[in-house]
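Just so you know, ligand 1 is whichever comes first in the structure, and atom 1 is the first atom listed for that ligand.
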Amino acid sequence: MKAAIIVGARPNFMKAAPLIREFRKRPRLDTLLVHTGQHYDENMSRVFFEDLELPEPDIHLGVGSGSHAEQTGKVMVAFEGVISRERPDLIIVVGDVNSTLACSLVGAKALVPVAHVEAGLRSFDLAMPEEINRMVTDILSKFCFTTSPEAETNLLREGVNPERIFFVGNIMIDSLLFYLERAERSRIVEELGVTPGGYVLVTLHRPSNVDESGVFALIMGALADVARRLPVVFPVHPRTRKMIESARGAFEIPESLKLIEPLGYLDFVKAMRHARIVITDSGGIQEETTVLGIPCITVRENTERPITIEMGTNVLVGADPAKIRREAARILDGAVRAHRVPPLWDGKTAERIADIVERHFPV
Ligand code: UD1
């Protein structure tokens, strides 16, 4: 059987890599890697192919940036052509980006079964474009592969047939565990002039935090204060870079707040593993810090990954600068939280998915 595996944006690459590695070990499973081109920069895409040893995409749709409708529409039109030429037996989408939504929509209408890896996550916040992408994708998917028990509860509440739900664990952690040792060889910590355990790592790119100058300036003010206690390393997403450039002067950037280019996968894992604190609005980083045991302060009002709070190292502070300062100070003053690794975040998720796929597509 032939599975088309879709990648589009940065957080997709580390989720697709374990699947491709596992599928290629199994003679019955053929893969077709499709890159939509939603992310296209060297440091948002290319470097991940190298670090994660991903094969060259079989098909590149080259859609690039645009409004939500433009980006989603372009992927849909291009992917429809791929389906009619390649006739895949299964379409595998991961995560919640616009490419995930676009390809599941086209696949479902072409009557090709869709498998969604990381199904059932809900922030219950429809102002997040990803929430819409997640909900629509799940409704259309024949296979909903979930990372945690509450994802199943969410899907059942939305009327998803339980026979379509498979609790397989967290695929992103497959990559994290597989590449941890290799990431350790990265020299990024030394190159940045910081010491292991002696810096704070920041990532921000959510529209709600970085698209409005007033909100962004307040967050930057809180980060500048944190940087007065410990150096802050901030790899800047292209979306956030635009705001930093347009709002120059609206906030101070002390020397100990180091703004750098986005990092590749191995460098980022190394930087995360040795950080004293991670401050982020990313989804996946809440999960990776939970497994690594690094305190994570999430600059969001809600999370679709509550297990990282219940069991892990994560705490939500919203975009409130006072809360960011307070939580960072608490951790720097020595507060520690007990944490555990959630069930099935064990590096074997791709294996479980491949087993299920083989079972459902008998020879
Ligand atoms: C997307 C995903 C988000 C994910 C994030 C990870 C959606 C709705 N959002 O958000 O869930 O967490 O990726 O990075 O799919 N840009 C570049 N170079 C690139 C990619 C983007 O310069 O390689 C710029 C573009 O000008 C664009 C902006 O960044 O306007 C935002 O890119 P886009 O793909 O629209 O969404 P992200 O904010 O990256």
Around atom [atom1] of [X], are there more than 12 heavy atoms of other residues, nucleotides or ligands at under 6.0 Å?
X      : atom1 : value
Lys2   : NZ    : yes
Arg187 : CZ    : no
Glu131 : CD    : yes

Between ligand 1 and the protein, find all N/O pairs closer than 3.5 Å and give the distance for each.
residue: ligand 1; atom: 11 (O); partner: Glu130; partner atom: OE2; Å: 2.7
residue: ligand 1; atom: 12 (O); partner: His205; partner atom: NE2; Å: 2.8
residue: ligand 1; atom: 13 (O); partner: His39; partner atom: NE2; Å: 3.4
residue: ligand 1; atom: 14 (O); partner: His237; partner atom: NE2; Å: 2.9
residue: ligand 1; atom: 15 (O); partner: Gln38; partner atom: NE2; Å: 2.9
residue: ligand 1; atom: 15 (O); partner: Asn98; partner atom: N; Å: 2.8
residue: ligand 1; atom: 18 (N); partner: Tyr40; partner atom: OH; Å: 3.4
residue: ligand 1; atom: 18 (N); partner: Asp41; partner atom: OD2; Å: 3.0
residue: ligand 1; atom: 22 (O); partner: Tyr40; partner atom: OH; Å: 3.3
residue: ligand 1; atom: 23 (O); partner: Tyr40; partner atom: N; Å: 3.0
residue: ligand 1; atom: 23 (O); partner: Asp41; partner atom: N; Å: 2.9
residue: ligand 1; atom: 26 (O); partner: Lys242; partner atom: NZ; Å: 2.7
residue: ligand 1; atom: 30 (O); partner: Lys242; partner atom: NZ; Å: 3.1
residue: ligand 1; atom: 34 (O); partner: Gln38; partner atom: NE2; Å: 3.2
residue: ligand 1; atom: 34 (O); partner: His39; partner atom: NE2; Å: 3.3
residue: ligand 1; atom: 38 (O); partner: Arg239; partner atom: NH1; Å: 2.8
residue: ligand 1; atom: 39 (O); partner: His39; partner atom: NE2; Å: 2.8
residue: ligand 1; atom: 39 (O); partner: His237; partner atom: NE2; Å: 3.0

| said: Would you say the rings of Phe49 and His35 are close, in the sense that their centroids are separated by under 6.0 Å? | reply: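 Yes; Phe49 has its ring centre under 6.0 Å from that of His35.
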
| query | Is the distance between the ring centroids of Tyr40 and His60 under 6.0 Å? | reply | no

| Summary of side-chain hydrogen bond (donor to acceptor under 3.5 Å, both in side chains) pairs that have at least one residue in residues 331-340, sequence neighbours excluded | Arg229-Asp333

